[in-house]
Amino acid sequence: MRGYLEADELDKALALAERFPDDLCGIELGRILTLYRLGRLDAAQQALETTATDFNHAIKMLLAKNPKAPRQSGYGIARGSAEEAWEYRLQYLEQWRQAGALDWLRQAWRSIDKSVKDRGSK
């Protein structure tokens with residue numbers, strides 16, 4: 001996903017995301033970033049709402065000004081975990097910055113019902 005985004009191959013990035021629905025946050029949040037870059041903001045918002053529960057750690061980590069790295073569990077990185085969120089931030093933050101998408105993400109994230117976002121924190 002990151003390679004397609006870096007190469008500006010947005011159609012391939014979107015095809016990858018569609019091929020692997022419900023994957024790790026790199027694919028799911030990559031889909032949102034791709035839709036944003038394609039100007040499909042309504043679809044990006046819908047995708048964000050769909051992933052809000054599973055990947056709220058990653059979204060919050062991406063939006064945080066100075067997050068701290070989580071403790072490593074030593075058992076690998078679990079889907080939806082703070083460790084996955086940290087790794088996503090390290091690999092993709094610059095992509096979001098270059099696309100000018102962080103402000104949009106911040107506003108879109110605020111618009112999602114708190115009860116939906118909180119389900120992923122438990």
Side-chain angles (χ1 to χ4, degrees):
M1 175 62 76
R2 193 172 82 202
Y4 287 145
L5 291 169
E6 287 173 353
D8 203 31
E9 297 199 41
L10 302 181
D11 291 337
K12 289 181 180 179
L14 196 55
L16 179 66
E18 289 170 359
R19 187 169 175 206
F20 296 101
D22 303 319
D23 204 83
L24 299 173
C25 76
I27 297 290
E28 294 298 311
L29 296 183
R31 172 197 322 268
I32 296 166
L33 180 57
T34 300
L35 290 167
Y36 173 87
R37 288 180 58 186
L38 289 169
R40 297 175 51 192
L41 300 184
D42 288 342
Q45 177 73 37
Q46 284 182 317
L48 181 62
E49 290 171 9
T50 301
T51 63
T53 299
D54 290 341
F55 299 116
N56 70 14
H57 287 305
I59 296 162
K60 289 176 184 177
M61 186 78 70
L62 194 59
L63 293 172
K65 293 199 188 284
N66 294 305
K68 293 183 181 179
R71 268 192 205 178
Q72 300 297 311
S73 69
Y75 298 107
I77 296 176
R79 182 180 189 272
S81 69
E83 293 158 307
E84 181 189 31
W86 179 255
E87 290 300 319
Y88 181 81
R89 179 186 169 88
L90 292 177
Q91 294 179 26
Y92 285 86
L93 179 61
E94 195 55 35
Q95 293 271 347
W96 285 83
R97 282 185 181 144
Q98 288 177 0
L102 286 173
D103 288 337
W104 171 86
L105 180 62
R106 190 169 284 107
Q107 287 183 308
W109 184 242
R110 280 190 215 127
S111 73
I112 296 174
D113 188 84
K114 185 178 178 344
S115 65
V116 172
K117 294 188 277 193
D118 287 345
R119 281 189 287 221
S121 298
K122 296 179 176 160

J.: Report yes if the side chains of Gln98 and Glu94 come closer than 4.5 Å at any heavy-atom pair, otherwise no.
T.: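 Yes, close enough: below the 4.5 Å cut-off.
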J.: If you round to the nearest 0.5 Å, how far is OH of Tyr92 from CG of Leu62?
T.: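 Interatomic distance, Leu62 CG to Tyr92 OH, rounded to 0.5 Å: 11.5 Å.
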J.: When you group the ILVMFWY residues by side-chain heavy-atom contacts below 4.5 Å and let the links chain together, are Leu93 and Tyr88 in the same group?
T.: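 In one cluster with Tyr88: Leu93, yes.
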J.: Could you tell me if the side chain of Asp8 sits less than 4.5 Å from the side chain of Arg37, heavy atoms only?
T.: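 Yes. Closest side-chain heavy atoms under 4.5 Å.
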J.: Taking the side chain as every heavy atom from C-beta outward, state whether Arg2 and Gln95 have any pair of such atoms under 4.5 Å apart.
T.: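 Of all side-chain heavy-atom pairs linking Gln95 with Arg2, at least one is under 4.5 Å.
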J.: Give, for atom CG of Leu105 and atom CZ of Arg110, the distance between the pair rounded to the nearest 0.5 Å.
T.: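 That separation rounds to 10.0 Å.
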J.: Rounded at 0.5 Å granularity, tell me how far CG in Leu5 sits from CD in Gln91.
T.: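 Separation between the atoms: 12.0 Å.
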J.: Compare every heavy atom of Leu102 with every heavy atom of Leu63, then report the nearest pair and how far apart it is.
T.: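 Distance-wise, the nearest heavy atoms are CD2-O, 3.9 Å.
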J.: Roughly how far, to the nearest 0.5 Å, is CG of Leu29 from CD1 of Ile59?
T.: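 Output value for this atom pair is 5.5 Å.
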J.: Hey, could you give me the OG/CD distance between Ser81 and Glu87, rounded to the nearest 0.5 Å?
T.: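 Here the interatomic distance stands at 9.5 Å.
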J.: Can you tell if the side chain of Thr50 reaches within under 4.5 Å of the side chain of Arg31, non-hydrogen atoms only?
T.: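 No, too far: nothing below the 4.5 Å cut-off.
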J.: So, using ring pair (Phe, Tyr, Trp, His ring centres under 6.0 Å) as the criterion, who are the partners of Tyr4 when residues are at least two apart?
T.: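 So Tyr4 forms no ring pair (Phe, Tyr, Trp, His ring centres under 6.0 Å) with any residue.
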J.: Partners of Arg19 by side-chain contact (heavy atoms from CB on, under 4.5 Å), sequence neighbours excluded?
T.: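 If we apply the side-chain contact (heavy atoms from CB on, under 4.5 Å) test to Arg19, skipping adjacent residues, there are no hits.
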J.: Using side-chain heavy atoms (C-beta onward) and a distance below 4.5 Å, is Arg79 in contact with Phe55?
T.: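 In contact.
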J.: For Cys25 versus Ala58, what's the shortest heavy-atom pair and its separation?
T.: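 Closest heavy-atom pair between Cys25 and Ala58: SG-CB, 4.0 Å.
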J.: Would a single hydrophobic cluster contain both Leu48 and Met1, if residues Ile, Leu, Val, Met, Phe, Trp and Tyr are joined by side-chain heavy-atom contacts under 4.5 Å?
T.: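 Linked within one cluster.
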J.: Please confirm whether the backbone N or O of Pro67 pairs with a side-chain atom of Arg89, one donor and one acceptor, at under 3.5 Å?
T.: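 The answer is no, because no donor-acceptor pair under 3.5 Å joins these two groups.
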J.: Considering all heavy atoms of both residues, which atom of Glu28 and which atom of Asp23 are nearest to each other, and what is their separation?
T.: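 Reported closest heavy-atom pair: OE2-N, 3.4 Å.
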J.: Side-chain contact test, heavy atoms from C-beta onward, threshold under 4.5 Å: evaluate it for Leu35 versus Leu41 and give yes or no.
T.: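 Side-chain contact under 4.5 Å: no.
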J.: Checking Ala101 now: which residues fulfil side-chain contact (heavy atoms from CB on, under 4.5 Å) with it, not counting sequence neighbours?
T.: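 If we apply the side-chain contact (heavy atoms from CB on, under 4.5 Å) test to Ala101, skipping adjacent residues, the hits are Leu33, Tyr36, Trp96, Ala99.
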J.: Would you say Ser111 and Gln45 make side-chain contact, with heavy atoms under 4.5 Å?
T.: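 Ser111 vs Gln45: side chains touch.
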J.: Enter the distance from Ile112:CD1 to Glu49:CD here, rounded to the nearest 0.5 Å.
T.: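 Going from the CD1 atom of Ile112 to the CD atom of Glu49 covers 5.0 Å.
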J.: Within the structure provided, determine whether Trp109 and Lys60 are in side-chain contact (heavy-atom separation under 4.5 Å).
T.: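 In contact.
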